[in-house]
Amino acid sequence: MNRNKFIRTLKTIPIKLWLILAAIIAFSFLSNDFGLVDVQKTAIVLAAGIDRNQEKGYTLTAQIAVPKGVDRTTGGTSSVEFVAEGETIADCVSDIYCKTGWVPKFIFCNLIILGEDTAKEGNVFDAFDFFLRNEYMSDGCFVAVCQGSAQDLLSSESAIDDTSSMAITKLFSDANVKSGKSMKMSLREFAIGYYGATKSGYMPYIVQHKQETNASSGGSGQQQGESQPKEQKIYCAERTALFSEGKQVALLDPDDTFAFSLIEGNVFTGYLLAEEDGKPVSLTVLKDEGSVSLDTKGAPKVTVKVELTVRLFNRSVPSDIDDVSSNEVSDELKENAQKVVREEVERVFETSRQNGCDLFKLNQTLYRSSLKKYEEFKDTLLSAVPVTYEIDIKTAK
């Protein structure tokens, strides 16, 4: 009864009053910014480069997204790099705000680059502290080390993409990782390793190379009105930087990176190079089962295992038609491939432990299995634990 009376009362309200109420609500909604920053005053940071300042603090290079144009032919995303200095990373961010009037926003930041000296000279978590505490930034963003300075890398012009950061993040695609040619690492995973029992981790190591291009090729190309276009670059991440307690302690070369990928079980359709009759032959990795296990019965023992299923993919010499059609892998080729993998796998493990990097999380495994044994062996586990290598390569049927 009350409900019907309420409905009849609403029907008696004039239409003009309804329109006035609607206008008031709309005005209140549209005139309020709800505490948000005006997009015209916001700098969308795509990537951040960190270098240690020789005098004090840090140099932060923030790659900011800017529109390329307003029509269809020039539309898209380009970038501009702002460089700031400060005692802390937050101080650098404040310096950018002061110089530009734009509020730097890291919500879309997908890449943090550390300069070479920054990674080697001290604990990198003094720089990462800002990003771990920033509640608006994803801790799933990529982290990497670069040859030279991060400022030079981010300020370079990519030959294949609109911005250097976009070109670099393509190196961490699933397809590239499965090739075994590069590794990838997120801020979250790197922090877990640092704050956990291993106190170790790794990052891809970025190198830039000059790319010869003409004026009409490349990602951003030669813009109208430019008298001297930037030298265009391409990037690769075939090397891997190893860290212990937040400091870079070693660098894996491309062969070591591939072996590391095999141990991690990452490789699918990557290519393994071996020899037959003194000639190089490429084998496709169809299946990769790699692991590092720690036996905690009695004194700890480690077993590094790599089991591969391969297929002949390419010879470096002409072959007869029967060989091409059969794709058979000879015993000699298989044995040589097994020898190559064993040597590279052993080198990766020894490099990591000789430099105090618990790359394969042995201390974490021991900590989870037995706190008593962890307290007993944590200081000597990495350097003294005996290792057995089991390498097996078979061919696809």
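We use all heavy atoms of the structure for the numbers below, so side chains are in, but hydrogens, waters and symmetry mates are not.
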Apart from Tyr271 itself, what residues make up its hydrophobic cluster, given side-chain heavy atom links below 4.5 Å? Phe313

Any salt bridge between Glu116 and Lys120, counting N to O under 4.0 Å? yes

Check: residues 234-242 side-chain donor-acceptor pairs under 3.5 Å, at least two apart:
residue	atom	partner	partner atom	Å
Tyr235	OH	Ser156	OG	2.8
Thr240	OG1	Thr257	OG1	3.0

Indicate yes or no: does Lys178 engage Asp174 in a salt bridge with an N to O separation below 4.0 Å. no

Pairing donors with acceptors under 3.5 angstrom, does anything connect the side chains of Gln232 and Gln211? no

Going by atom types alone, do Gln151 and Thr59 pair a side-chain donor with an acceptor below 3.5 Å? no

Residues 376-390 side chain polar contacts: donor-acceptor under 3.5 Å, at least two apart:
residue	atom	partner	partner atom	Å
Lys378	NZ	Glu375	OE1	3.3
Ser383	OG	Thr380	O	3.4

Would you say Ser182 and Asn176 are linked by a side-chain donor-acceptor pair, where the criterion is simply a distance under 3.5 Å? yes

Does NZ or CZ of Lys99 fall inside the cone over Phe82's six-membered ring, less than 6.0 Å from its centre and within 45° of the axis? no

Asp91 meets the salt bridge (charged side-chain N to carboxylate O under 4.0 Å, His left out) criterion, sequence neighbours left out, with none

Among residues two or more places apart or on two chains, list those pairs meeting side chain to side chain donor-acceptor pair (under 3.5 Å) that have a residue in residues 364-374. none

We want to know whether Thr61 and Glu81 form a side-chain donor-acceptor pair, criterion being a heavy-atom distance below 3.5 angstrom. no

Is Phe243 reachable from Phe349 through a run of I, L, V, M, F, W or Y residues, each pair having side-chain heavy atoms under 4.5 Å apart? yes

Between Phe172 and Tyr202, is there a shared hydrophobic cluster once you connect ILVMFWY residues whose side-chain heavy atoms come closer than 4.5 Å? no

Do Tyr195 and Phe125 have their ring centres less than 6.0 Å from each other? yes

Check for me, please, whether Leu153 and Val124 land in the same ILVMFWY cluster - side-chain distances under 4.5 Å, paths through other members count. no

Looking at Glu231 and Lys233, does any basic side-chain N land under 4.0 Å from a carboxylate oxygen? yes

Taking Asp358 first and then Lys199, would you say they form a salt bridge - that is, a charged N and a carboxylate O separated by under 4.0 Å? no

All N/O donor-acceptor pairs, side-chain side in residues 278-288, below 3.5 Å, sequence neighbours left out:
residue	atom	partner	partner atom	Å
Lys287	NZ	Glu289	OE2	3.2
Asp288	OD2	Asn266	N	3.3
Asp288	OD2	Val267	N	3.1

Less than 6.0 Å separating the ring centroids of Phe128 and Tyr194? no

